[in-house]
Protein chains: 2
Amino acid sequence: MLKRGLERGEVLRALGEVFRAHGYEGASLTLITEATGLGKGSLYHLFPGGKEQMAAEVLAEIDGWFERHIFAPLRTADDPARAIAAMIAGVDQYFHSGDRVCLVGMVALGSARDSFAEAVDGYFARWQTALASLLRRSGLTNSQAQRRAEDALLTIQGALVLARARGDAKIFRRALSDLTARLLAPPA
Amino acid sequence: MLKRGLERGEVLRALGEVFRAHGYEGASLTLITEATGLGKGSLYHLFPGGKEQMAAEVLAEIDGWFERHIFAPLRTADDPARAIAAMIAGVDQYFHSGDRVCLVGMVALGSARDSFAEAVDGYFARWQTALASLLRRSGLTNSQAQRRAEDALLTIQGALVLARARGDAKIFRRALSDLTARLLAPPA
DNA sequence: GGAAGATTGTACCGATCGGTACAGAGAGTC
DNA sequence: GACTCTCTGTACCGATCGGTACAATCTTCC
């Protein structure tokens, strides 16, 4: 059991924030011990694989969250409009309306990408497939659905980058609102 | 004068590739000396401000390239369709059709953001303003033009992230092609 | 209470970090 | 050739990096 009842999930959440704030290479063990309140001894006891294992588990936890809250609902929903609204709401919540950065996207851009290529690709691939399957059920052809899902993912990532770059979270909310309309539009 | 006739511009270009490949924090002086062929002595002679100055000058050089090849033409063009096509072609060229990452976007996401906040914000702000001015001349209202320009920047950034994440540069080309159509569409 | 195992803080490791000092090589000028 | 000034390679700096070793401390169960 962990000291002070700290669960592994809480540790992972703290780790996630450190990686988000400083990137994989920038997240030093000093920063990590500060953020988690855990000494090196505890850290390496929990994660014998070191920083790489920490990052891998953080990515897996993020993936799990999206799987439960975003991907799975998309696959099973029967009302497209409601499902899309729910996805957008979930995304808005997860990214704190643009104040929070996407760790998966960050890793993809950095040099740590190669170490986590599979996790990164899988995350976006499953998201796109889940969204496309919903769009197909709403009347789009397979290729239309794939393309529109790709557009959705790329819009979310771009909005996070631009919002961060310009220090204006409203950019993210505007993009999400436009995206909702674009996803619900009738097939061209 | 530089050894072997190496110009400062060439050094900056090599530096840019190192920063792109490893991020600001990941670009160690060892990596930098290898990429530029310059020892520490030369490096610190050329850039007394160290890594931070190197990154600042690289960002400035990128900014200059976009200013000359993208922003300025947008401001003075009289044929919107041609100007937009030229911008898209320039962007496609600069980012090697999706194989190259946007250093400005990368810096924006990383923890080095605060050090270069002004440069990062200015780059996107001038791009958006230049594009919006063209769109206004093509018949859009000011707010429509601003919003559509914002969408363009975010789409480009997102496409670069997603293409990188999925290891598929075609995503970038598709996004640019769709973006062209969206920019040329009549006002809603 | 005492054995066993999980958990922890601390000291320490070699490697590498960004940066400095400085002697000397190279080029230009007279 | 000698003086100047620009440029460069190398040795070195303290700090920090990710990671390991290990003894001390807690829990748990008997």
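Letters A, B, ... mirror the listed sequences (proteins, then strands); counts begin at 1.
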- request: If the plane angle is over 60° it's perpendicular, under 30° parallel, otherwise tilted; pick one for A:F116 and A:Y24.
  value: perpendicular
note: A:F47, atom CZ; C:dT7, atom C1'; distance rounded to Å ~ 14 Å
Could you label the plane-to-plane angle of the B:W65 and B:Y94 rings as parallel, tilted or perpendicular, counting under 30° as parallel and over 60° as perpendicular?
tilted
ask   = For D:dC17, does either OP1 or OP2 sit under 4.0 Å from a side-chain N or O belonging to A:T30?
value = yes
### Query
Got a sec: does the CZ of A:R82 have more than 12 other heavy atoms crowding it under 6.0 Å?
no
**Asked** Is there a donor-acceptor pair closer than 3.5 Å between any side-chain N or O of A:H45 and the backbone N or O of A:G41?
**Response** no
_Just by distance, no angles: are the side chains of B:E52 and B:S115 close enough, under 3.5 Å, to form a donor-acceptor pair?_
no
- Query: Side chain of B:K51, backbone of B:A27: donor and acceptor closer than 3.5 Å?
  - Reply: yes
Per nearest nucleotide of DNA chain C, the residue lying toward the 5' end, B:Y44 or A:G41, is A:G41
Here the distance between atom P of C:dT16 and atom NZ of B:K51, to the nearest Å, is 16 Å
Between CE of B:M54 and P of C:dG18 the distance, given in whole Å, is 9 Å
In numerical order, the residues of residues 21-28 of chain B whose heavy atoms come under 4.0 Å of DNA chain C are B:A27, B:S28
Rounded to whole Å, the CD-C1' distance (A:Q53 to D:dT20) equals 16 Å
In whole angstroms, the gap separating P of C:dT10 from CG of A:L29 amounts to 16 Å
Aromatic ring pairing A:W127/A:Y123, orientation class (parallel under 30°, perpendicular over 60°, tilted between)
perpendicular
When rounded to whole Å, the NZ to P distance for the pair B:K40 and D:dC13 reads 13 Å
When rounded to whole Å, the CG to P distance for the pair A:L31 and D:dT16 reads 12 Å
When rounded to whole Å, the CD to P distance for the pair B:E52 and C:dG19 reads 9 Å
D:dT8, OP1 or OP2 - any side-chain N/O from B:H45 closer than 4.0 Å?
no
